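Here the structure is a predicted model, which means the values were calculated and not measured. Indexing begins at 1, ligand by ligand and atom by atom, following the structure's order. Nothing fancy with the numbering, it's 1 onward along the sequence.
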Amino acid sequence: MRIACIPGDGVGPEVLTASLPVLALAASRHGVELDLVELDWGGERYLRTGVAMPAESLDVVRSCDAVMFGAVGRPDVPDHVLVRGLIIALRQELDLAVNLRPVRSWHGVPSVLRDAGGIDLVIVRENTEGEYVGVGGRVKRGLGGELGLEVAVHSQPVIERLARFAFDTARTRRRRLSLVTKSNAMYHGYTLWDEVVDEVATDYPDVVFERVLVDAMAARMVQSPRSLDVLLCSNLFGDILSDLAAALVGGMGMAPSANILPGSSPGVFEPVHGSAPDIAGRGIANPVACLLSGALMLEHAGLLPAAESVRAAVATALSDPSHHTPDLGGTAGTATLAEAVLTTLEAQRVDQPVPAS
Ligand code: GGG
């Protein structure tokens, strides 16, 4: 597999460098070698050249089977310049319709909840339009009474495509799907979501379907997260709720994601967290979100046993608190945790069924 690697900014290079040997070993054990193509896209390149990624970026990415992405953002560049210029641009230009954000609890990992055991949900986030489509403007700049307009765009084909993916995902899990909107107040775009998803739901009578307003969902995720399975969300709501979900299972360092167009490649696989400039360069960032994003990449490439072997090794490493990074209450560094995962993976017998993680 030819993998484009975009370490990006802040802790991005640290977590990606730590994760790649694990992913390479898991893949090679299942007969696939990873050919890594490193790309210097991100904030430093923006400061040097005026753009975060070059004009031919799509050709470069399309020549690869997948993209592993670290993080984007640095304090000396306005956040929106890099987020829009890199990660949102890749999602939109490659038409990566689905942002898949699975969240689960891990044995031994502390949580803000008294009992976080058994949380296992997946957020299916719309990824190319909604509130992040980039339509709007600012007028009367510098004249007083300035206006800022941000127009959300929701389209039937994009909602329907995403909804079918979410229902298909629910069929591989506990067959429960919650559509998250705010259609009581934002009643143009979100009533369209309600109607389109209601219609799709009729094709999936075996999936228990409900509509939940985003504010109620935020409360429910804290109060009864185990009642949730698949959450189908717009771009904005999926972005917000996935941070909340991550916080329930140990924090942002535990949340992986996949940007994919089902049945197509390349997808872009990235930890949900950003560049964390406050801890960048100190070797203490949690690599788990990046490792699990790599597992999603292997799974998307059809290497499910390799993906499961990474998840099982992560579970084993996390069960020992001496491997925990500071965000999990420990004192271990990025390399210590990643090496514990690698050592566990090395010790796994390839012909052995992967233990349930
Ligand atoms: N690791 C991905 C990253 O750096 N994300 C920063 C971010 O703010 N992303 C916005 C988004 O996911 O929509």
Side-chain angles (χ1 to χ4, degrees), residues 4-20 39-46 52-53 61 66-103 122-134 150 152-153 158 162 180 231 233-247 251-260 267-280 285-297 327 334:
C5 296
I6 308 176
D9 308 319
V11 298
E14 298 169 45
V15 294
L16 192 54
T17 304
S19 301
L20 288 171
L39 302 169
D40 68 347
W41 303 352
E44 193 275 326
R45 188 189 175 103
Y46 172 80
M53 59 180 177
V61 165
V67 179
M68 279 299 299
F69 184 83
V72 65
R74 49 183 292 157
D76 50 358
V77 180
D79 232 7
H80 67 273
V81 170
L82 295 176
V83 168
R84 286 216 73 87
L86 190 49
I87 187 64
I88 293 183
L90 283 173
R91 291 172 185 159
Q92 292 183 345
E93 290 168 13
L94 292 167
D95 191 25
L96 299 172
V98 179
N99 191 326
L100 196 61
R101 296 186 158 190
V103 174
V122 56
I123 292 176
V124 176
R125 170 188 173 191
E126 197 285 309
N127 211 27
T128 59
E129 49 180 42
E131 302 80 357
Y132 294 7
V133 77
E150 199 79 51
V153 173
V158 164
L162 187 77
V180 181
L231 276 63
C233 300
S234 67
N235 210 334
L236 175 65
F237 296 160
D239 194 2
I240 296 169
L241 292 183
S242 53
D243 278 29
L244 170 52
M252 297 306 294
M254 302 298 295
S257 79
N259 302 271
I260 51 172
V268 177
F269 301 84
E270 52 163 338
V272 170
H273 64 70
S275 56
D278 53 329
I279 57 163
N286 184 345
V288 166
C290 191
L291 286 160
L292 297 175
S293 303
L296 289 171
M297 175 188 78
D327 57 309
T334 312

Which ligand 1 atoms are under 4.0 Å away from a heavy-atom of [X]?
X: Pro271; answer: 1 (N), 2 (C)
X: Ala71; answer: 1 (N), 4 (O)
X: Glu270; answer: 1 (N), 2 (C), 3 (C)

Looking at Glu270 and Asn259, would you say the former's side chain and the latter's main chain have a donor-acceptor pair under 3.5 Å?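 Absent.
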Answer yes when Arg45 and Asp40 have at least one side-chain N-carboxylate O distance shorter than 4.0 Å, and no when they do not.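 Looking at Asp40 together with Arg45, the answer is yes, because their closest N to O distance falls below 4.0 Å.
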Hey, are Arg84 and Asp79 close enough for a salt bridge, meaning a charged N less than 4.0 Å from a carboxylate O?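 Between Asp79 and Arg84 there is no salt bridge, as every charged N stays at least 4.0 Å from the carboxylate O atoms.
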Would you check the N or O atoms of [X], main chain and side chain alike, for any that come under 3.5 Å of an N or O of ligand 1?
X: Tyr132; answer: no
X: Ile87; answer: no
X: Val72; answer: yes
X: Val83; answer: no
X: Ser275; answer: no

Yes or no: does Gly73 have any heavy atom under 4.0 Å from an atom of ligand 1?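 Contact absent.
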Arg101 near ligand 1, heavy-atom distance under 4.0 Å?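 It does; at least one heavy atom falls under 4.0 Å.
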Does some side-chain heavy atom of Leu82 sit less than 4.5 Å from a side-chain heavy atom of Val72?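 Yes. Closest side-chain heavy atoms under 4.5 Å.
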What distance do Ser19 atom OG and Glu14 atom CD have between them, rounded to the nearest 0.5 Å?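 With rounding to 0.5 Å, OG (Ser19) is 11.5 Å from CD (Glu14).
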